[in-house]
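Given the structure is predicted, the values throughout are model-derived calculations rather than measurements. In what follows, chains carry the letters A, B, and so on, assigned in the order in which the sequence lines appear, proteins first and then strands, with residues in each chain numbered from 1.
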There are 2 protein chains.
Amino acid sequence: METQDLKKAGLKVTHPRMKILEILERAPEHHLTAEDIYRKLLEEGEQIGLATIYRVLTQFEAAGLVNRLHFEGGQAVFELDRGTHHDHMVCSRTGRVVEFYDEIIEKRQQEIAKAHGFRIRDHSLILYGEFIDDESASES
Amino acid sequence: METQDLKKAGLKVTHPRMKILEILERAPEHHLTAEDIYRKLLEEGEQIGLATIYRVLTQFEAAGLVNRLHFEGGQAVFELDRGTHHDHMVCSRTGRVVEFYDEIIEKRQQEIAKAHGFRIRDHSLILYGEFIDDESASES
DNA sequence: TGCGATTATGAGAAAGATTCTCAATTTTTT
DNA sequence: AAAAAATTGAGAATCTTTCTCATAATCGCA
C-alpha cells in the first residue's frame, strides 16, 4: 500500500523511498531527524546514503507526504503527514513530542490573519516545556 | 541607558555588546540574523567578528535581553525582548515580519498544556504566508 | 521479458550556519 | 597605573544540509 502513495505522489517506486516511508510509518516517536532515519536504516542493514535521505525527504515534503518541523536546536525533524493537521508540545527533558489540535486556536489564527490582510499558507505552533509526569525521570 | 541593561544582566559593558544592542534597538525590521547584524556593524565601520556576535547574542538570550526565533530556512533570527510577548507572521514573498498577540490563543495554550500535564516554558507560533497588500510587489 | 531512455542513488565534496580555540586585547579591580 | 579576570578576533572546527557526477536502478515499450 505504500507503493500507491509514492505513485500517487508522482514519484517512482524505488527501494530507498520505500524504506524511508516504512521507517516513518513504524517510528513510535513519529518525529525523526534525517540522521535518526539514517541510523535506523543502518540498524536494519539498509545502507542508504544521508544525501539520499535528505533528497527523498524533501521530495516527500513537496508531495505532501511528510512535514518538516523546525524545533529548537536547528535540526529539522520529519513526520509522516497523516492528513490531520496538528501542533506540537515538546518536552525539553525527555524529547517527547505530543501532538494536539485545537479548533479555537485554529479559528483565531484565521481571524487574526484576516485582520492583518494576511493569507496563511502554513503555520507552526510549538509549546516547549516539561511533562509533569516525566518529572521523576531524572537523567544525569 | 543601554549600559544599565547590560549591567543588570550581569554582563560587563564592552564595546561590541553595546554596539550589538544598539543595532537591535534601531533596526526597523526588528528581526535580524547574526549576519544581518554583522553587516550593519560593518557599514557603520564597526569591525566586530561574527563569532563575537553569535557569542554575545547567546549571552543576551540567556540574560533575557533578546529572543532567538527559528523561522523556516534554518537561519535563526534575533529580536530585542521588549517585555511583551508576541507571536509572528512572516511574509514568504517580502520577508516582512509582523508581530501579534492574542489573549484567546495564549489562554487556550495554557488550558491545553494543563490538560496534558505539561508545563509551558516557552512557545513559538509562526504564521507563514503572504500579505495581500504586498501582492503587487512582484519580484522575478 | 529485455533494452534504452530517464531518473535515482551513493560518496564525497561543498556550502551555510554556528561554535570552538587560543593568543592578544580590553575591562575591572586594586 | 598594574595585575587579574573576562572578552574579543580570526580562523579552524563542527554540524546540518545540499550539490556533483559517475554508477545503478526503474519504467515504458517493443
Just jot down the ring-ring contact (aromatic ring centres under 6.0 Å, His included) partners of [X], sequence neighbours excluded, or say none.
X        : value
A/His85  : A/His123
B/Phe118 : A/Phe131
B/His86  : B/His88

Task: Distance-only side-chain donor-acceptor flag, A/Gln75 / A/His70, under 3.5 Å - done: no
Open item on the list: Just to be sure I understand the rule, does B/Arg17 reach a base, reach only the sugar-phosphate, or reach nothing, if contact means heavy atoms closer than 4.0 Å?
Closed with: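 Sugar-phosphate only.
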What pairs with [X] under side-chain contact (heavy atoms from CB on, under 4.5 Å), at least two apart in sequence or on another chain?
X       : result
B/Arg39 : B/Glu35, B/Asp36
B/Thr52 : B/Pro16, B/Ile48, B/Arg55, B/Val56
B/Ala62 : none

Distance check needed: [N] [atom2] versus [X] [atom1], whole Å only.
X       : N      : atom1 : atom2 : result
A/Gln75 : D/dT14 : CD    : P     : 17 Å
B/Arg55 : D/dG11 : CZ    : P     : 14 Å
A/His70 : D/dT17 : NE2   : C1'   : 12 Å
A/Leu57 : D/dT17 : CG    : P     : 10 Å
A/Phe78 : D/dT16 : CZ    : C1'   : 11 Å
B/Leu6  : D/dA6  : CG    : C1'   : 14 Å

Task: Sidechain N-carboxylate O distance under 4.0 Å for A/Glu22, A/Arg26 - done: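 Salt bridge present between A/Glu22 and A/Arg26.
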Task: Qualifying salt bridge (charged side-chain N to carboxylate O under 4.0 Å, His left out) pairs with a residue from residues 77-92 of chain B, counting only residues at least two apart or across chains - done: none
Open item on the list: According to salt bridge (charged side-chain N to carboxylate O under 4.0 Å, His left out), does anything in residues 108-118 of chain B pair up with another residue at least two apart or in another chain? List the pairs.
Closed with: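 Sorted result for residues 108-118 of chain B: A/Asp102-B/Arg108, B/Arg108-B/Glu111.
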Open item on the list: To the nearest 10°, give me the bend of the helix from C/dT1-D/dA30 to C/dT30-D/dA1, comparing the axes of its five terminal pairs at either end.
Closed with: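 Terminal axis comparison yields 30°.
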- [ ] Examine D/dT17: is either OP1 or OP2 under 4.0 Å from a nitrogen or oxygen in the side chain of A/Tyr54? Give yes or no.
- [x] yes
Task: Aromatic ring pairing A/Phe100/B/His116, orientation class (parallel under 30°, perpendicular over 60°, tilted between) - done: tilted
TODO: Give a yes or no on whether the backbone of A/Val90 and the side-chain of A/Arg96 come within a donor-acceptor separation of less than 3.5 Å.
DONE: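 Between the backbone of A/Val90 and the side chain of A/Arg96 there is no qualifying donor-acceptor contact (under 3.5 Å).
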- [ ] Name every residue in residues 29-52 of chain B that has at least one heavy atom under 4.0 Å from any atom of DNA chain D, in order of residue number, or write none if there are no such residues.
- [x]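 Result for residues 29-52 of chain B: B/Gln47, B/Ile48, B/Gly49, B/Ala51, B/Thr52, sorted by number.
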Please write out each protein N/O paired with an N/O of nucleotides 24-30 of chain D under 3.5 Å, distance rounded to 0.1 Å.
residue: D/dC27; atom: OP1; partner: A/Val13; partner atom: N; Å: 3.2

Task: Outermost nucleotides of DNA chain C that come under 4.0 Å of a non-hydrogen atom of chain B - done: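 In short, chain B contacts DNA chain C from C/dA17 to C/dT28.
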- [ ] Give me the one residue out of A/Ile20, A/Leu21, A/Thr14 that meets side chain to side chain contact (heavy atoms under 4.5 Å, CB included) with A/Arg17.
- [x]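 Among the candidates, only A/Thr14 passes.
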